[in-house]
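Below is one structure; the comments refer to it alone.
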Amino acid sequence: MTSKEIIMGLCLLSVVLSMILMVIIRYISRVLVWILTILVTLGSLGGTGVLWWMYADNKKSFNENLPLDQLQVSKDNLQALLVYAIAATVFTVILLLIMLIMRKRVALTIALFHVAGKVFIHLPLLVFQPFWTFFALLLFWIYWVMVLLLLGTAGQPSTNEQGFVEFRINGPLQYMWWYHLVGLIWISEFILACQQMTIAGAVVTYYFTRNKKDLPYTPILASVNRLIRYHLGTVAKGAFIITLVKIPRMILMYIHSQLKGKENACARCMLKSCICCLWCLEKCLAYLNQNAYTATAINSTNFCTSAKDALVILVENALRVATINTVGDFVLFLGKILIVSCTGLAGVLLLNYQRDYTVWVLPLIIVCLFAFLVAHCFLSIYEMVVDVLFLCFAIDTKYNDGSPGKEFYMDKVLMEFVENSRKASKDPGSGSESRELKPMASGTSTA
């Protein structure tokens, strides 16, 4: 087996592991958190142990009589293994400490994860959303590059001093570069926003359908149909807002790279502060946009109204939002680490026995980065589903109280979770955990 075949096999392994993890989430959502916690703990400890074993094995078999070039490569690999083993040890210790701190809050996400698993059972096409989004982005990027080449050859040809042909663009056409660049960012964000709107529409349909047998035959296609017919303007406006924030940040990053080593400490600090603030603003707006799309799917209101409604709901449940996002993101992060760890471990074992390919550190790093990207694409879909379910849950508890005529739409698991939280909040000996589990919406009987 050649090194190229090994790398391709490892990339395919990351995709397969991501798909398997999505399937596991569907069926064992109740114990998912603890399974991932145990697997990541064992994987981290095992990976760290394997790296130390490989370092000891390579150090034991180190041969100083090799040719000079091979000797240097062997020394570099041995040094790299030592660095990786130490880094893995530090990472494992930090990861175990975080898991120890978060253990009491893990139960908070189990109910939403369980309902999200049911969503994937009823809407299996959600698993393939990353493929459709990537395919749409790929088509657009190919089209963008083709237009870029046409713009580059749209001027009058002339021969320079070196004998090469140059195309000089005059008039308004020379400013089309900027328009084309803005279009790249805006349309890319638009395609990603369409994915979010599609997922939000399908999950909202699932949540607010009391009898799941009455669901549309293909809720995903029904959501796409509503998106195309009614909500393209909403998605375009949300994508444009992100573009307005992203472009200044990219300009500041370009200025910072051009002035690197030339500006004084104060200017460098100001530039980095502005870039950081714009990045934080972009992330906040992206999260608000995602919830605005959910509110649009629920109420069929315009973007501004939906963003205002979503913001009010999020502010009213700020502590619950922070807790669920923190624990939920951490759990999904454990899933990503699990996929990367399995892929990286398989790569280390395969490349370690490929003796004719001594410098395997860079390919392994690339494979691990690809595995993390694949895991992020798949598990981000699950994260979107959980966020949509949470907003639906918050709206459900705000406007319904379980009385006749105002029955809850939520799943029984969520009802049990809310009731247990309500009982815990009334327990005077429950301490800080009871305050975290207080009802989301005041004035409701079972919230």
Side-chain angles (χ1 to χ4, degrees), residues 15-40 102 105-131 195-196 198-220 223 290 294 297 320-321 323-339 374-397 408-421:
V15 176
V16 173
L17 289 177
S18 300
M19 297 289 290
I20 292 175
L21 188 58
M22 293 295 293
V23 173
I24 292 176
I25 290 176
R26 292 173 53 186
Y27 295 107
I28 58 170
S29 56
R30 282 186 178 275
V31 295
L32 168 69
V33 174
W34 304 114
I35 288 178
L36 281 179
T37 301
I38 294 172
L39 288 178
V40 169
M102 301 284 285
R105 298 186 178 184
V106 164
L108 189 63
T109 61
I110 292 180
L112 282 175
F113 270 64
H114 179 74
V115 179
K118 290 185 177 181
V119 171
F120 280 95
I121 292 176
H122 288 86
L123 311 176
L125 290 180
L126 282 177
V127 179
F128 299 99
Q129 282 299 306
F131 293 107
Q195 174 186 256
Q196 296 175 357
T198 300
I199 295 173
V203 176
V204 165
T205 300
Y206 170 85
Y207 187 95
F208 289 103
T209 301
R210 297 188 186 277
N211 187 0
K212 305 308 178 186
K213 295 181 180 179
D214 296 334
L215 284 170
Y217 180 70
T218 53
I220 297 292
S223 180
Q290 180 179 334
T294 304
R320 181 62 62 82
V321 170
T323 303
I324 288 182
N325 281 341
T326 301
V327 178
D329 289 349
F330 179 72
V331 170
L332 295 177
F333 174 74
L334 292 181
K336 298 173 186 178
I337 294 298
L338 176 62
I339 293 173
V374 171
H376 175 74
C377 291
F378 280 93
L379 295 183
S380 63
I381 302 299
Y382 201 90
E383 181 181 2
M384 291 180 195
V385 172
V386 172
D387 290 338
V388 173
L389 285 173
F390 173 73
L391 192 65
C392 294
F393 174 65
I395 293 176
D396 193 12
T397 55
F408 286 122
Y409 288 91
M410 69 181 66
D411 190 87
K412 292 181 179 180
V413 177
L414 284 175
M415 290 185 182
E416 294 175 1
F417 173 74
V418 173
E419 187 63 28
N420 292 335
S421 300

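For this chain, numbers begin at 1 and follow the sequence in order. Computation of the quantities below employed the complete heavy-atom set of this structure, encompassing side-chain atoms and omitting hydrogens, waters and symmetry-equivalent molecules.
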Atom pair [atom1]/[atom2] of [X] and [Y] - distance to nearest 0.5 Å:
X    : Y    : atom1 : atom2 : value
T294 : I199 : OG1   : CD1   : 10.0 Å
I395 : M410 : CD1   : CE    : 11.5 Å
L123 : T218 : CG    : OG1   : 10.0 Å

Subject >> Candidate list V385, V386, D387, L391, test side chain to side chain contact (heavy atoms under 4.5 Å, CB included), partner L389, passing option >> reply: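 Filter result, single survivor: V385.
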Do the side chains of [Y] and [X] get nearer than 4.5 Å, heavy atoms only?
X    : Y    : result
P130 : I381 : yes
M384 : Q195 : yes
Q129 : I220 : yes

Minimum heavy-atom distance between [X] and [Y], given as atom pair plus value:
X    : Y    : answer
A202 : P219 : CB-O, 4.1 Å
G201 : A297 : CA-CB, 3.9 Å
C377 : S380 : O-OG, 2.8 Å

Under the ring pair (Phe, Tyr, Trp, His ring centres under 6.0 Å) rule, collect the residues that match up with Y206, sequence neighbours excluded.
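Only H122 meet the ring pair (Phe, Tyr, Trp, His ring centres under 6.0 Å) criterion with Y206.
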**Asked** Does Y409 have any ring pair (Phe, Tyr, Trp, His ring centres under 6.0 Å) partners at least two apart in sequence or in another chain, and if so, which?
**Response**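 Partners of Y409 by the ring pair (Phe, Tyr, Trp, His ring centres under 6.0 Å) criterion, ordered by chain and then number, come out as F208.
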Checklist entry - Please walk me through it: do L126 and V119 pass side-chain contact (heavy atoms from CB on, under 4.5 Å)? => result CA-CA 9 Å; L126 282 177; V119 171; 3.8 Å; yes
TODO: Show your working on side-chain contact (heavy atoms from CB on, under 4.5 Å) between F128 and F378 and close with a plain yes or no.
DONE: CA-CA 8 Å; F128 299 99; F378 280 93; over 6 Å; no
Determine, stepwise, if the pair S18 / L379 fulfils side-chain contact (heavy atoms from CB on, under 4.5 Å). CA-CA 8 Å; S18 300; L379 295 183; over 6 Å; no
Derivation of the side-chain contact (heavy atoms from CB on, under 4.5 Å) call for D396 and Y207: CA-CA 10 Å; D396 193 12; Y207 187 95; 3.0 Å; yes
